[in-house]
*Asks:* 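Dumping the structure here so I can ask a few things about it.
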Protein chains: 2
Amino acid sequence: MTICEKKEHEQAVGSAKREALSEEQLGRVCNVFRVLGEPSRMKIVLALTGGEMCVYHILQAVGGTQSGVSHQLRVLKDNRIVRSRREGQNILYSLADDHIVEIVAMGRAHMDCAEE
Amino acid sequence: MTICEKKEHEQAVGSAKREALSEEQLGRVCNVFRVLGEPSRMKIVLALTGGEMCVYHILQAVGGTQSGVSHQLRVLKDNRIVRSRREGQNILYSLADDHIVEIVAMGRAHMDCAEE
DNA sequence: TTATAATATGAATACTTATTCATATATTAA
DNA sequence: TTAATATATGAATAAGTATTCATATTATAA
């Protein structure tokens with residue numbers, strides 16, 4: 001592979017390098033997507049679109065094991081996709097912010113247009 | 001774990017189940033995010049935000065090996081994140097549609113607000 | 001029609017991460 | 001203060017997948 005000398009490409013390379021995110025920023029952007037890219041977690045996020053829920057009800061909504069759902073909830077929380085508050089014996093989970101709703105909506109839109 | 005009888009939760013469970021995506025739909029939504037959740041691929045996508053590029057220039061922009069980038073490009077293409085066209089000896093890659101640009105922009109926005 | 005350039009691909013390996021199992025913590029009720 | 005409920009967590013394993021290496025394919029130029 002020697003050289004492709006298209007001027008537009010070289011400009012694009014230049015701007016790509018200038019505007020490149022730091023490793024840390026890149027990691028943070030990717031984390032949001034990586035976390036949402038797992039069906040078991042996406043199910044939880046979609047369930048929470050309907051509003052705040054305790055773990056017991058999340059479990060009813062998405063299925064699986066208590067331990068599994070709990071682990072996934074922690075990943076979601078660590079990555080600020082969801083937040084939680086305690087109410088008595090229950091911990092109530094909800095989506096962390098509106099970005100999440102929008103991001104998921106975009107994902108669904110892409111899914112629809114990517115349908116074969 | 002016996003019973004949490006909050007009426008709102010039960011409604012949320014109900015609507016979550018009614019509106020649940022099929023396994024196949026769920027898989028498609030997740031794929032978009034899973035693919036974007038890998039730094040090596042996100043770098044490529046971000047590079048292509050600046051416009052169409054051949055593999056050689058993508059390689060210059062993101063680093064890594066030729067084989068590695070090529071494999072990642074295939075994953076991106078299979079999931080309709082990018083598309084490609086041949087021009088002589090070169091294959092030119094570009095983002096598949098505007099959804100991608102928007103999804104990535106949202107991811108960045110979430111990253112910013114999730115900053116500690 | 002051979003050589004070279006540009007890109008793609010199969011197989012193997014190395015990493016990452018989801019899931020499971022057993023157990024721990026925290027809250028309320030008795 | 002003991003028992004029960006609700007949720008979380010550590011460690012182990014299993015599953016998935018990124019990366020690498022060697023090689024194949026496709027297009028052009030000599």
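Note on naming: letters A, B, ... go to the chains in the order of the sequence lines (proteins, then strands), and numbering restarts at 1 for each one. This one's a predicted model, so the numbers in the text were calculated from it and none came from an experiment. Note: hydrogens, waters and symmetry copies are ignored here, and every other heavy atom, side chains too, is used.
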*Asks:* Is it true that A:R28 and A:N31 share a donor-acceptor pair across their side chains at a distance under 3.5 Å?
*Replies:* no

*Asks:* Heavy atoms from C-beta onward define the side chain here; which of D:dT17, C:dT7, D:dT7 lies closest to that of B:Y56?
*Replies:* C:dT7

*Asks:* Salt bridge or not for B:E23 and A:K43, using N-O below 4.0 Å?
*Replies:* yes

*Asks:* A:T65: what forms a side chain to side chain contact (heavy atoms under 4.5 Å, CB included) with it, not counting sequence neighbours?
*Replies:* A:S67

*Asks:* Who passes side chain to side chain contact (heavy atoms under 4.5 Å, CB included) against A:E19, sequence neighbours left out?
*Replies:* A:S15

*Asks:* Taking C-beta and beyond as the side chain, do B:I44 and B:V69 meet within less than 4.5 Å on heavy atoms?
*Replies:* yes

*Asks:* What is the separation between atom CD on B:E38 and atom C1' on D:dT17, rounded to the nearest whole Å?
*Replies:* 8 Å

*Asks:* Using atom CZ of A:R34 as one end and atom P of D:dT17 as the other, report the distance to the nearest whole Å.
*Replies:* 13 Å

*Asks:* Between P on D:dT5 and CG on A:N90, what's the gap in Å once rounded to a whole number?
*Replies:* 13 Å

*Asks:* Treating primed atoms plus P, OP1 and OP2 as sugar-phosphate and everything else as base, which nucleotides of nucleotides 20-30 of chain C get B, S or - for protein heavy atoms under 4.0 Å?
*Replies:* BBB---SBS--

*Asks:* Whole angstroms only, please: what is the CG-P distance between A:L73 and C:dA18?
*Replies:* 13 Å

*Asks:* Specify the closest pair of heavy atoms between B:I103 and B:F33, including all atoms of both residues, with the distance to one decimal.
*Replies:* CG2-CE2, 4.2 Å

*Asks:* Please enumerate all residues that pass side chain to side chain contact (heavy atoms under 4.5 Å, CB included) together with B:C30, with sequence neighbours excluded.
*Replies:* A:P39, A:M42, B:L26

*Asks:* What integer distance in Å separates B:H57:NE2 from C:dA5:P?
*Replies:* 16 Å

*Asks:* So, OP1 or OP2 of D:dA18: does either fall under 4.0 Å of a side-chain N or O from B:Q72?
*Replies:* no

*Asks:* Which residues in residues 39-54 of chain B have at least one heavy atom lying under 4.0 Å from any atom of DNA chain C?
*Replies:* B:C54

*Asks:* Atom CZ of B:R74 to atom P of D:dA24: distance rounded to whole Å?
*Replies:* 17 Å

*Asks:* Nearest whole Å is fine: how far is D:dT17 P from B:F33 CZ?
*Replies:* 17 Å

*Asks:* Could you check whether any side-chain N or O of A:Q25 sits under 3.5 Å from a backbone N or O of A:S22, counting only pairs where one atom can act as donor and the other as acceptor?
*Replies:* yes

*Asks:* Tell me, please, which residues at least two apart from A:V45 pass side chain to side chain contact (heavy atoms under 4.5 Å, CB included).
*Replies:* A:L36, A:L76, A:I81, A:L95, A:I100, A:V104

*Asks:* Round to a whole Å and report the spacing from OH of A:Y93 to P of D:dT7.
*Replies:* 9 Å

